[in-house]
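Scroll down for the structure; my scribbles are underneath it.
Labels below follow one simple rule: chain letters A, B, ... track the order of the sequence lines, proteins then strands, and each chain is numbered from 1.
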Protein chains: 4
Amino acid sequence: MKEKVNDKYTALLQATLTLVNNHGFHDTPMSKIAKLAGVSPATIYLYFENKQDLINKLYLEVKASFCSYALQGYSSELPVKKGFEVIWYNIAEYKLNKVEEAMFLSQCDNTPMIDEASVQEGLKHLQPLLDLWERGKKEGIIKSISPYLLYAYTVYPLSFLLAMHVKGICKVTEVDRLEAFQAAWDSIKV
Amino acid sequence: MKEKVNDKYTALLQATLTLVNNHGFHDTPMSKIAKLAGVSPATIYLYFENKQDLINKLYLEVKASFCSYALQGYSSELPVKKGFEVIWYNIAEYKLNKVEEAMFLSQCDNTPMIDEASVQEGLKHLQPLLDLWERGKKEGIIKSISPYLLYAYTVYPLSFLLAMHVKGICKVTEVDRLEAFQAAWDSIKV
Amino acid sequence: MKEKVNDKYTALLQATLTLVNNHGFHDTPMSKIAKLAGVSPATIYLYFENKQDLINKLYLEVKASFCSYALQGYSSELPVKKGFEVIWYNIAEYKLNKVEEAMFLSQCDNTPMIDEASVQEGLKHLQPLLDLWERGKKEGIIKSISPYLLYAYTVYPLSFLLAMHVKGICKVTEVDRLEAFQAAWDSIKV
Amino acid sequence: MKEKVNDKYTALLQATLTLVNNHGFHDTPMSKIAKLAGVSPATIYLYFENKQDLINKLYLEVKASFCSYALQGYSSELPVKKGFEVIWYNIAEYKLNKVEEAMFLSQCDNTPMIDEASVQEGLKHLQPLLDLWERGKKEGIIKSISPYLLYAYTVYPLSFLLAMHVKGICKVTEVDRLEAFQAAWDSIKV
DNA sequence: CATGAATGAGCTTTCATTCAT
DNA sequence: TATGAATGAAAGCTCATTCAT
């Protein structure tokens, strides 16, 4: 029974993800979400307070999954460059494999569709990466620049590559990934 | 007389820019656009076919202004690094000075709200930058990697910094800009 | 429960009939139809795709009822004149008793407000009358002229009398009906 | 100059005729009428008070032209049958040659789009036909039935034939016209 | 838990009409 | 006389949300 509940909850999130990706938050009526999830419109309101709550919860869910994916296999005991490599490749893989989720996050981050509170909430999980950078700076391996700059030049560019990838404008090959990592590392290494 | 026409057209674009930035394409009713522009809702339809046309035209207008701003003072006869510097700083300045326009472009590029045709149309203007990169590669100054990678690691990070700037999370100082340029250049220089 | 559904569907058709008769297809806003039917405007769209669909469905409904009324008590085994008499009087009675429906049909037939497809659909039911005429011709009782002429001179004139009747210009008495039938028959009998 | 005025007045009536025939009174915006007539929307209001006035004036104009056409070559000194024949054929010819006007009249007569006053006004011109019938009755040539019946069975059927003709369902040939006249006459002759 | 039916509020868009020129 | 620009009012229609079942 709990399964079933979870089923519908998940189905609704998944349906929302797909539809918002393809049509935007606007032009994604609750009725269509319900239809795609195979439930009645009224059922949505058993699991979510309203449309905003639905999108917020989806955002947090996806953001959390992204962060946990990013930190797979990482340990704070790895050397700085190796640790960075692990996380960077995780993120790259996430963006290429979980295209829907990644696109959704991009849309959320560039749109006033998510409550500010939820955005803040979603940022908490990447602390290990910030810690790693801090360590790198202390060890003189990474430039002494703001973490926002570090993020902007290592992780954020992947969003652009994803977007191009999705639009079919450029396929991202193994080689590209190597080059991309190199560029990311070159931009922040001392 | 022509002035007045232009007035309303421009006022409508400006109103749309502001409202879409603050509320998204959805939750920006035509009636509010009209009110902010100081005209009747019906008047919008004298200048634009419909809501989609309005947003498309705004996108093209802003994109064109962005590109022209980016190329100010640039000449294909400048040395590669100098030329790159000129364009990069132009873009950085645009993003910091024309915050509304820059945010709008970000939203457009991460949202299915603009017609694909208009997106294609908007890309035409940055050819000089692509040419510059090509030259840099030939001269052995810039890495031989895809222009998408080059864009992702030099121009695109500025969008992230802009977003942080706008949210008040980090102010972008002169120093930051220097560091940011350095990171951009490091990531693509040979 | 099914009753209730049917209730609203029927109420909407009835309201449309009345309003379109009194004001024409134009000047009959959906909101007024809803109000007269005692439902919310949005409810209309649960039962009909759009305004055109509503009017089409109403047309088909009324046309079908008209045809079935016209053929009451008729059998292809009746002698030609008797059979004709039965149908003709049925139609006359329909036009005088179901004034609203009859007027609506007149309006539909002289106005580009019904889809051509629906018009065609509505014509299917009067085949028995055509068959009767065919038989009459073979038996040498009815003139060998096109069925359109036969219709024009027997059934169609009733529409005019109805219109006069409705406008209060002339009351159609028993005697009139006798005379009218005589005129109809005289015009087509050999 | 008066010519030019008249030009626009006529052009507006003609444009209205065409558009109302094809789309109905609704779905015929003033702006389209203006465009088809080659004038500005505002110009319409120099010649007509409003949309209703425009349609009323058109109705009266067309009705008058119809009546005058119907009475061409008729004289009250012709014998009854001959006189009737003249008028009837005139009307038949009008309906086949001036299809647009005839259709428009049909639409007006079956639709609440014309003011009742204008309808009354339009009927005045057919007095000679009524007089003819009266004479026919006195001479014992025509049945002693109401003029409405006489009209319904002689003139009105032509509207149906016209409609079929216009829809391409049946072409009206010379022979048809002969048969039609015969039917008309048979229905009212003693 | 789950829903189909229902809706009020609000959307985009149209249009008859006006008015400064 | 003639107009293009402008608009208030209202049209058709949608949608997030509710509620009786």
Tell me: [atom1] of [X] to [atom2] of [N], nearest whole Å?
X	N	atom1	atom2	answer
A:Leu54	F:dC15	CG	P	16 Å
C:Asp27	F:dA10	CG	C1'	11 Å
B:Leu46	E:dC15	CG	C1'	12 Å
A:Leu12	E:dA2	CG	P	10 Å
C:Lys35	F:dA10	NZ	C1'	13 Å
B:Ile44	F:dG8	CD1	C1'	14 Å
D:Met30	E:dT18	CE	P	10 Å
B:His26	E:dT12	NE2	C1'	15 Å

For this session: Quick one: look up who F:dC15 pairs with, Watson-Crick or G-U, both distances under 3.5 Å, and put none if it's unpaired.
Result: E:dG8
Exercise. Counting only Watson-Crick or G-U wobble pairs whose two distances fall under 3.5 Å, which nucleotide matches E:dT21?
Worked result: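 Check on E:dT21: paired to F:dA2, both distances under 3.5 Å.
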As a test of reading the structure: which of [options] is closest to the side chain of [X], going by heavy atoms?
X	options	answer
A:Thr43	E:dT3, F:dA16, E:dA16	E:dT3
C:Ala42	F:dT14, E:dT14, E:dC19	F:dT14
A:Tyr45	F:dT18, E:dT17, E:dT13	F:dT18
B:Lys8	F:dA6, E:dT17, E:dT13	F:dA6

Problem set entry | Pairwise 5' ranking along DNA chain E for C:Ser40 and B:Thr28, keeping only the more 5' one |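 Of the two residues, C:Ser40 wins.
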For this session: Nearest-nucleotide wise, let me know which of D:Val39 and B:Pro41 is further upstream toward the 5' end of DNA chain F.
Result: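 In this pair, the answer is D:Val39.
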For this session: Could you check C:Pro29 against B:Gly38 and say which one's nearest nucleotide on DNA chain F is further toward the 5' end?
Result: B:Gly38
Exercise. Is there a side-chain polar atom (N or O) of C:Tyr47 under 4.0 Å from OP1 or OP2 of E:dA6?
Worked result: yes
For this session: Please determine if a side-chain N or O atom of C:Lys51 lies less than 4.0 Å away from the OP1 or OP2 oxygen of F:dC13.
Result: no
For this session: Assess B:Lys51 against B:Phe25: is NZ or CZ under 6.0 Å from the centre of the six-membered ring, and within 45 degrees of the ring's axis?
Result: yes
Exercise. When you compare E:dC1 with F:dT21, how far apart are their C1' atoms, in angstrom units rounded to a whole number?
Worked result: 13 Å
Exercise. Above 12 or not: heavy atoms from other molecules or residues under 6.0 Å from NZ of D:Lys57?
Worked result: yes
Exercise. Between the side chains of C:Ser65 and C:Glu101, does any donor sit under 3.5 Å from an acceptor?
Worked result: no
Exercise. Rounded to the nearest 0.5 Å, what separation is found between the CD1 atom of B:Ile44 and the CD atom of B:Glu49?
Worked result: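 Interatomic distance, B:Ile44 CD1 to B:Glu49 CD, rounded to 0.5 Å: 14.0 Å.
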Exercise. Thinking salt bridges, do A:Asp109 and A:Lys63 make one under a 4.0 Å N-O criterion?
Worked result: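 The answer is yes: the pair qualifies as a salt bridge.
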